[in-house]
Amino acid sequence: MTSPCQALIDQLVADTLKGKIQSKQQVYRRLQQGLEPGSGELFERALANTLAQVETGLTAADEFKQAKAQRQQRALKMIESEWQRWQADNQATAVLTGVAAELVQGAVADRLAILLAALDPNQPQPLDRDQIGQLAKALQQSALSTTVETEAQTGPSLADLALGLDQGIATWQGLETEVVSWIFTAGRSTLGFGNAGETQGPWASWGKQTTLPSLRYLFEDLALNRSITAAGLSTPLLTADWVAWVVVLQRLQRALVTWFDQQPYDPKAGKRLSIATFLTFAVVWSQIAHRLGQLGQGSLVQGSFQVLLQGLRQFANQPYFPLYGGLFTALSGEPLRTLLDYLDQPLQQVPNTATKGRILTLLGYSQRAMGNYAQAKAFHDQALAIAREAQDGVCEIASLNHLSRTAVAQQDYDTALGHSQRALILARQQGDTLGQANALANLGYSQVAQGQDQLLEPEQYEAVLSYLEQGVTLSAQVGDRPSQALCANSLGIAQLKLGQYEAAITALTDGLQVAQAIGDRFLVASNLAHLAAAHQGAGTLDQAILTGSLAMYLFDQIGSDDWQQPAALLSILYGQLGPEGFQAILQSHRPQFLASIGVDGYDYLLPLLTRYREAL
């Protein structure tokens with residue numbers, strides 16, 4: 001017996017061959033009239049089988065049969081084209097119908113999870129604004145025809161979900177044109193929450209535009225306190241209000257990221273602000289979850305974590321996700337430790353996926369930046385295992401590179417070399433240029449650091465130079481400035497050890513400029529310290545005193561015991577030149593000192609050097 005789908009196809013072909021169908025629009029209308037809901041897969045299979053049968057007739061020896069097959073094929077191709085159009089037009093409707101049916105017919109306790117899955121920005125077809133409005137109407141109609149639900153025990157009612165979706169769309173319509181207005185009206189470049197007690201930044205601006213009271217209180221709380229307090233969320237939150245928050249906050253995040261991503265004047269700055277936006281909204285949802293937990297609203301806590309993880313998954317899939325460093329705080333300027341606390345708890349609740357591995361990588365290098373090497377290693381070990389399980393080669397290479405840098409910080413040079421060598425092999429195998437640049441940087445840096453500790457032979461330093469020169473070139477090509485700074489610093493140190501003073505000065509000066517540009521204060525001080533030694537070797541003692549003094553001061557300011565290294569060099573020069581000669585050179589460089597460290601820093605140089613000399 002011929003199926004309804006096959007019958008429709010046969011009739012369309014027959015009518016086309018008889019001249020009854022003369023346009024694609026007629027085919028489209030017939031498909032609309034003839035296709036039943038849920039029959040798409042059956043129709044597609046029948047169409048493919050019919051095409052295959054007709055194509056066998058194209059090679060028939062009989063010219064009449066061949067000509068008929070060609071006409072049938074043209075008719076089927078037109079039907080296929082209009083079927084694809086019909087499918088695209090109706091797919092969104094099918095998604096909406098499916099979500100509505102699932103919410104109405106499914107378990108009441110699962111309703112929030114079902115709704116959030118439909119709103120998930122990572123879905124191939126997340127609900128758009130019009131569809132959300134249609135869904136709200138469908139749920140409201142179902143609520144009117146359904147007996148009273150015991151939502152206090154089972155979960156949210158259909159009426160509450162409908163009300164929340166309606167409120168969310170209405171609120172978003174009032175905010176849509178004001179997403180970035182705060183950037184132009186603030187009168188300053190500060191992004192984020194602003195300082196405690198101030199009402200600068202997006203939250204205050206958005207709070208003035210929203211008509212939903214609970215959301216306005218939330219924004220005002222964030223603007224004033226940089227976190228969600230009992231004042232901002234003082235009583236249990238209505239489910240409808242929470243649903244509205246989801247709709248609005250998801251769209252604010254999406255609009256802000258889109259705007260930053262498309263800024264032509266400074267694409268790199270735009271990407272940094274997009275990263276900050278993803279992290280900021282993750283932190284906000286974690287704060288919401290924490291406060292709702294205090295209020296005993298467990299289902300909304302889990303829903304908030306679900307929204308948070310959806311945002312992190314979207315973030316982890318961006319091409320500019322910072323696997324090798326970059327922004328370590330949210331727009332709020334939250335301390336790294338606080339950011340870690342916010343993101344660590346929800347991550348514990350999800351399985352080992354590529355998203356989790358990448359977020360752990362971010363948290364790991366954030367911990368290393370704070371000097372928490374054991375915690376950093378633990379995160380990177382976990383990220384490495386997850387990346388291998390998820391077959392995320394890029395994250396695996398990044399984890400090995402970070403473990404190498406962490407091992408150097410812990411003076412475990414053999415482990416550092418092993419990780420960097422493995423990362424280099426994998427990066428070359430997979431064509432990961434960024435990973436290769438980092439691996440070369442780490443390999444050379446590990447060997448130079450080992451040499452500073454163990455006094456390598458000159459031949460061993462010569463072998464390191466090729467890695468570092470490749471690393472400098474490759475990291476510059478791919479725009480990996482942290483690795484470029486690391487390679488240039490290590491290259492200069494290796495050249496210094498070999499007595500190649502002029503080459504070392506060039507490499508260290510380049511490394512200094514990049515380190516200053518990315519704000520790596522430790523590498524800035526390290527470059528200056530080794531520049532002082534290179535200038536001493538080259539006989540340019542005034543530059544040795546300038547760079548050595550800056551290095552000594554900067555190391556001391558960041559609390560590093562390495563300040564004693566340039567202090568030792570300066571002490572030698574002080575003895576050679578005498579107090580008057582040494583102070584005369586300091587005085588001659590006063591303008592450079594004032595520009596770099598200010599008058600207080602300049603006045604502190606001699607007392608700091610005196611402290612070192614007196615401790616000898």
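Distance alone, capped at 3.5 Å, places no donor-acceptor pair between the S286 side chain and the A282 backbone.
Taking CG from L308 and CZ from R313, the interatomic distance works out to 11.0 Å, rounded to the nearest 0.5 Å. L256 contributes atom CG, which lies 4.0 Å from atom CZ of F260 (distance to the nearest 0.5 angstrom). The OG1 atom of T16 sits 4.0 Å away from atom CD1 of I21, with the distance rounded to the nearest 0.5 Å.
Closest heavy-atom contact between Q287 and I228: OE1-N, 3.3 Å. When all heavy atoms of A316 and R358 are compared, the closest pair comes out as O-NH1, 3.4 Å. When every heavy atom of Q430 is checked against every heavy atom of G393, the shortest pair comes out as OE1-CA, 3.3 Å. The minimum heavy-atom distance between L323 and V394, with the atom names listed, is CD1-CG1, 3.5 Å. Nearest approach of V247 to G168, heavy atoms of both residues: CG1-C, 3.7 Å. T361 and H380 make their closest contact through O-CE1, 3.4 Å (heavy atoms, listed as atom of the first residue, atom of the second, distance).
T50 and Q6 share a side-chain donor-acceptor pair at under 3.5 Å. Looking at W242 and S304, their side chains do bring a donor and an acceptor atom within 3.5 Å of each other.
By the side-chain hydrogen bond (donor to acceptor under 3.5 Å, both in side chains) test, D221 pairs with N225, T229, sequence neighbours left out. Listed by chain and residue number, R85 satisfy the side-chain hydrogen bond (donor to acceptor under 3.5 Å, both in side chains) test with Q25 (two or more places apart in sequence, or in another chain).
You'll find the side chain of Q382 reaches within 4.5 Å of the side chain of I386, heavy atoms only. Using a 4.5 Å heavy-atom cutoff, the side chains of D15 and R30 are in contact.
Ring geometry for F278 versus Y320: interplanar angle of 30 to 60°, hence tilted.
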Verdict with supporting geometry, D160 and T239, side-chain hydrogen bond (donor to acceptor under 3.5 Å, both in side chains): CA-CA 6 Å; D160 274 347; T239 299; 4.7 Å; no
Audit row: R291, Q294, side-chain hydrogen bond (donor to acceptor under 3.5 Å, both in side chains) steps and yes/no: CA-CA 5 Å; R291 179 60 187 145; Q294 293 176 332; 2.9 Å; yes
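Applying the salt bridge (charged side-chain N to carboxylate O under 4.0 Å, His left out) test to pairs two or more places apart or on separate chains, none has a residue in residues 241-252.
Checked against F379 for a side-chain contact (heavy atoms from CB on, under 4.5 Å), the options L360, L362, L384 give a single hit: L360.
Checked for salt-bridge contact, K137 and D166 miss the test: no charged N lies under 4.0 Å from a carboxylate O. Between R29 and E82 there is no salt bridge, since no side-chain N of the basic residue sits under 4.0 Å from a carboxylate O of the acidic one.
Aromatic rings of W206 and W203 (six-membered ring for Trp) have centroids within the 6.0 Å cut-off, being under it.
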